[in-house]
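Report on the following structure.
Proteins come first, then strands; the chains are lettered A, B, ... in the order of their sequence lines, and each starts at number 1.
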Amino acid sequence: MSAHPLTAQRLAKLERYRARGIEPYPVGAFVPDVTAAELHADHADLGPASSTGRVVRVAGRLVGRRDIGKLVFGVLQDETGRIQLFAQRQILGEEDLEAFRDLDIGDWIGVEGEVITTKRGELSVAVSRFVLLAKSLRPLPEKWHGLRDVEERHRRRYVDLIVNERARDTAVARSRIVRELRGAFDRRGFLEVETPVLQIEAGGALARPFVTHHNALDQDMYLRIAEELHLKRLIVGGLGKVYELGRVFRNEGLSPRHNPEFTMLEAYVAYADYHDVMNLVENVLVEVVDEVLGDRLVTYQGDTLDFAPPWRRVTMLDAVAEVTGVRFELSMDRDAAAGLAEDLGISVEPSWGVGKIINEVFEEHVERTLVQPTFVYDYPMEISPLARAHRSEPGLTERFELIVAGRELANAFSELNDPLDQRRRFEEQKAARAMGDEEAHPIDEDFLRALEYGMPPTGGLGIGVDRLVMLLTDQASIREVLLFPAMRPEGT
RNA sequence: GGGUCGCUAGCUCAAUCGGCAGAGCAGGGGCCUCUUAAGCCCAAGGUUCAGGGUUCGAUUCCCUGGCGACCCA
């Protein structure tokens, strides 16, 4: 336990309570029957200096106190808001008023009393009885500025949640967004499923996995980097519409937009193609925006995003030509494409083909310019090993990404269901891995076997849930929408 | 991985050119029966992120390391 004087003081107080027979961590001591928000809603019209005769029980954390001698005002905070406590000697008596005064800011208490308003009109509970529910041993941050230090807010999110309303609002909004996402897919008849997090092969995306070890099997395993390959196995099994909303893990650096574990929603629909999936993504996200914000104009970091459908749809090649003035084609000579990209400031790796080169130009110059919701479609096959070959355009796949505020929000394709083509794509990835590409896709033989049993034409999508929450809560950093973002150890 | 910036009391922040480390809030003592960032009086509170260097003297300048923020790869 910390030897800090402020904590030592409170520990001493704790011992005094126990000596007087007051248990500072009681069980079953008090059950509230109303919340702060309910009180404010019920008595919104009460004038100053009113009595209601209504006796209520509220509970929460004492977050403020104003001591006026024989009269003490307290501020009680529960999960719904704040309510003033009015402790008066006439009601409580000398001894209990002194005990109330002796409470520390941060203590959890239960209070019983009449609902009144003060002379100044502040709705209050006139304390007739109170119970210490849990003693707090550490001082809270400053009442006006709260906890500002970003590092401390993330390391001690519990304190952040106590003192910063924005932290609470963001957590609540995130829960709401996740619930609306689930609702949108549930209403459309999707089955929510759970697939393995521990995997023998980490496939379904191009990323480096975390490695762990299964002791009983004496086998290294990976934390999943995507949900994709197992969900497609379920489509093979005849489950026609499935989705999973879960945590995926990628072994990459920390940044305002990347956390090693993040939340992905993936959904797969039999008989759909990527045009159907564009419509699905648009409809689902508009529903979520409507339900959560009630306004299709969303302010994000100073930009106004218009989510009213239809959203713009543009091919990657057109988008690149529009922004850079350079018309790339998949049929181009590789070195010619490399030269054009170099002219645009891209340093081209020898291993890159035309498709990868175009994608780099897109990511470097075009993506950030797409602020309004935009579907960019027809991605190069070279960077899309799990997407179906385009029905008419050689070298491309039926893949799209949804870009909002200059960032990828969703990624989707007509799924590759030709097992022979899938095997060829995996072989190409294997070759890339042999060339040193650590993010190349591994060969998953069981997934190939599943495809060999036959997967119907299928459309699939993935939505980055954290990024969606960032957009709808106007947060610039993923760390603000994660309750407990990844941090380096403190090194006490 | 590279660059820039930051780290001072429990919290929010000061500290002039390198010259006695301060304030507000919180906490302690006192006054006050209508405050609401309550007010007034008094006292207390520091490994200035860590280690090293320069200097008569370092929160301040230099080096190394830690953690974080932002930008870049």
Among B/C32, B/C11, B/U36, which nucleotide sits nearest the side chain of A/Glu142? B/C11
For the side chain of A/Arg488, counting heavy atoms from C-beta on, which of B/C67, B/C13, B/U36 is nearest? B/C67
Nearest-neighbour nucleotide for the A/Lys70 side chain, B/C32, B/C34, B/U12 considered: B/C32
Nearest-Å distance for atom pair CD/C1', residues A/Gln77 and B/A37: 15 Å
For the residue pair A/His441 and A/Phe426, does the interplanar ring angle fall in the parallel (under 30°), tilted (30 to 60°) or perpendicular (over 60°) class? parallel
Between B/A9 (C1') and A/Asp149 (CG): distance, integer Å: 15 Å
Closest nucleotide of RNA chain B for A/Leu147 versus for A/Gly121: which of these residues is on the 5' side? A/Leu147
How would you label the contact of A/Gln90 with the nucleic acid (heavy atoms, under 4.0 Å): base, sugar-phosphate, or nothing? base
Just so I know, are the side chains of A/Glu329 and A/Leu317 near enough to count as touching, which here means a heavy-atom distance under 4.5 Å? yes
Whole-angstrom distance between B/G46 and B/G57, as gauged at atom P: 25 Å
Starting at atom CG of A/Leu71, determine the distance to atom P of B/C34, rounded to an integer number of angstrom. 7 Å
In terms of heavy-atom contacts, does CZ of A/Arg208 have more than 12 from other residues, nucleotides or ligands at under 6.0 Å? no
Between N or O atoms, less than 3.5 Å apart, protein on one side and nucleotides 27-31 of chain B on the other: list the pairs.
from	atom 1	to	atom 2	distance (Å)
B/G27	OP1	A/Arg65	NH2	3.2
B/G27	O2'	A/Gln9	OE1	2.1
B/G27	O2'	A/Gln9	NE2	3.4

Spacing between A/Arg368 atom CZ and B/C72 atom P, to the nearest angstrom: 7 Å
Donor-acceptor pair, A/Arg82 side chain versus A/Val63 backbone, under 3.5 Å? no
Inter-nucleotide P distance (B/G65, B/U4), Å rounded: 13 Å
Which of A/Leu416, A/Leu229, A/Leu206 passes side chain to side chain contact (heavy atoms under 4.5 Å, CB included) with A/Leu386? Answer is A/Leu229
What nucleotide, of B/C71, B/U33, B/A37, holds the atom closest to the side chain of A/Trp144? B/A37
When you match A/Ser255 and A/Glu122 each to their closest nucleotide on RNA chain B, which lands nearer the 5' end? A/Glu122
Short side-chain N/O contact to B/C67 OP1/OP2 from A/Arg155, under 4.0 Å: no
Would a line drawn from the ring center of A/Phe400 to the ring center of A/Tyr379 be shorter than 6.0 Å? no
Under 4.0 Å from OP1 or OP2 of B/C11: is there any side-chain N or O of A/His145 that close? no
Please determine if A/Arg65 forms a cation-pi arrangement with A/Phe73, meaning its NZ or CZ atom is less than 6.0 Å from the six-membered ring centre and no more than 45° off the ring axis. no
B/A26 and B/U12, which share atom name C1', separated by this distance in whole Å: 11 Å
Can you tell me the distance, in whole Å, between the CZ atom of A/Arg156 and the C1' atom of B/C11? 9 Å
Given the P atoms of B/G10 and B/C67, what is the spacing between them in whole Å? 22 Å
Answer for the Watson-Crick or wobble partner of B/C25, both distances under 3.5 Å, is B/G10
Contact class for A/Gly64 (heavy atom, under 4.0 Å): base, sugar-phosphate, or nothing? nothing
Side chain to side chain contact (heavy atoms under 4.5 Å, CB included) with A/Val320: of A/Leu344, A/Val366, A/Thr315, only one passes, and it is A/Val366
